[in-house]
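Notes to accompany the following structure.
All ligand and atom numbering here is 1-based and tracks the order in the structure. Each residue takes its place number in the sequence, starting with 1.
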Amino acid sequence: MKIEDKLALNKFEIDKEVHIQVEEKLCQGCDLKPCLYVCPAECYQLRENHMTFSYEGCLECGSCRLACDRQAIRWVYPRGGFGICYQYG
Ligand code: SF4
Ligand code: SF4
């Protein structure tokens, strides 16, 4: 099964409150931009040389928080009842 098919099994209860915030001005001097490569949901995108982020499809894996060595990411879990609901099988 491809990762796209597995991701399609998940359900999201999107919270209006953003649970991850990126201080984008710190991204401008970040050459490698590891968040682009570690996020399995591709929440981080580079558009016209600007880092963009959307939290809605976040899998709450925490990889971006570990990969960013500039402390540009403020990361908390979504509020109770919100966020991803994993489905198996
Ligand atoms: S790793 Fe951190 S500083 Fe670098 S582009 Fe991603 S969020 Fe910005
Ligand atoms: S926690 Fe995981 S899925 Fe969510 S934005 Fe960070 S790397 Fe992507």
Side-chain angles (χ1 to χ4, degrees):
M1 188 182 269
K2 291 190 298 187
I3 189 159
E4 293 81 9
D5 298 326
K6 290 185 176 181
L7 289 173
L9 295 174
N10 298 323
K11 287 193 309 185
F12 294 89
E13 195 65 49
I14 308 289
D15 195 353
K16 285 184 299 208
E17 286 189 19
V18 177
H19 70 286
I20 299 176
Q21 290 180 321
V22 180
E23 199 170 338
E24 292 174 13
K25 67 172 182 270
L26 293 176
C27 302
Q28 291 165 8
C30 177
D31 293 330
L32 295 177
K33 295 183 172 39
C35 57
L36 291 174
Y37 307 101
V38 300
C39 178
E42 299 181 341
C43 293
Y44 295 84
Q45 300 277 331
L46 201 56
R47 297 206 172 105
E48 296 177 1
N49 228 20
H50 285 285
M51 180 58 67
T52 63
F53 174 75
S54 56
Y55 71 99
E56 290 87 348
C58 175
L59 304 174
E60 300 169 30
C61 68
S63 303
C64 55
R65 171 172 62 168
L66 296 175
C68 178
D69 61 2
R70 295 181 158 239
Q71 286 78 50
I73 299 172
R74 192 192 68 82
W75 198 104
V76 295
Y77 281 110
R79 295 182 297 162
F82 292 100
I84 189 166
C85 175
Y86 285 102
Q87 297 187 342
Y88 298 97

query = Between Tyr55 and Asp15, is there a donor-acceptor pair closer than 3.5 Å when you use the side chain of the first and the backbone of the second?
reply = yes

message = Between Glu60 and Tyr77 (side chain of the first, backbone of the second, donor and acceptor by atom type, cut-off under 3.5 Å), is there such a pair?
response = no

Atom indices of ligand 2, in the order listed, that fall short of 4.0 Å to a heavy atom of [X]:
X     : result
Tyr44 : 5 (S)
Gly62 : 1 (S), 2 (Fe)
Trp75 : 1 (S)
Phe53 : 5 (S)

ask   = Do Ile84 and Trp75 share a hydrophobic cluster (ILVMFWY, side-chain heavy atoms under 4.5 Å, transitive)?
value = yes

key: Hydrophobic cluster membership, Leu59 vs Leu66, 4.5 Å side-chain cutoff   = no

task = Return the option from Cys68, Pro34, Cys35, Cys39 holding the heavy atom at the smallest distance from atom 6 (Fe) of ligand 1.
result = Cys35

message = Out of Cys61, Ser54, Ala41, Gly57, who is nearest to atom 2 (Fe) of ligand 2 when you count heavy atoms only?
response = Cys61

message = I'd like to know: is atom 4 (Fe) of ligand 2 within the 2.8 Å range of an N/O/S atom from Cys64, strictly under that distance?
response = no

task = Distance to 0.1 Å, residue and atom name: give those for the protein heavy atom nearest to atom 4 (Fe) of ligand 2.
result = Cys58 SG, 2.3 Å

request  = Provide, to 0.1 Å, the distance between atom 3 (S) of ligand 2 and the closest protein heavy atom, together with that atom's residue and name.
outcome  = Leu59 N, 3.2 Å

task = Quick one: look at Cys27 and ligand 1, take heavy-atom pairs under 4.0 Å, and tell me if it's side chain, backbone, both or neither.
result = both

request  = Would you mind listing which atoms of ligand 1 come within a distance below 4.0 Å of any non-hydrogen atom of Met51?
outcome  = 5 (S)

Arg70 neighbourhood, listing ligand 1 atoms whose heavy-atom distance to it stays under 4.0 Å = 3 (S)

request  = Go through the steps to decide whether Glu23 and Lys25 satisfy the test salt bridge (charged side-chain N to carboxylate O under 4.0 Å, His left out), and finish with yes or no.
outcome  = CA-CA 6 Å; Glu23 199 170 338; Lys25 67 172 182 270; 3.2 Å; yes

message = Can you give me the closest heavy-atom contact between Cys58 and Ile20, atom names plus distance?
response = SG-CD1, 3.7 Å

query = Measuring from Thr52:OG1 to Glu24:CD, what's the distance to the nearest 0.5 Å?
reply = 7.5 Å

ask   = Given the rule in the side-chain contact (heavy atoms from CB on, under 4.5 Å) test, do Tyr44 and Val22 qualify, once you have shown the distances and angles that lead to the verdict?
value = CA-CA 10 Å; Tyr44 295 84; Val22 180; 3.7 Å; yes

key: 4.0 Å heavy-atom contact, Ala67 with ligand 1   = no

request  = Indicate yes or no: at least one non-hydrogen side-chain atom of Cys35 is less than 4.5 angstrom from one of Met51.
outcome  = yes

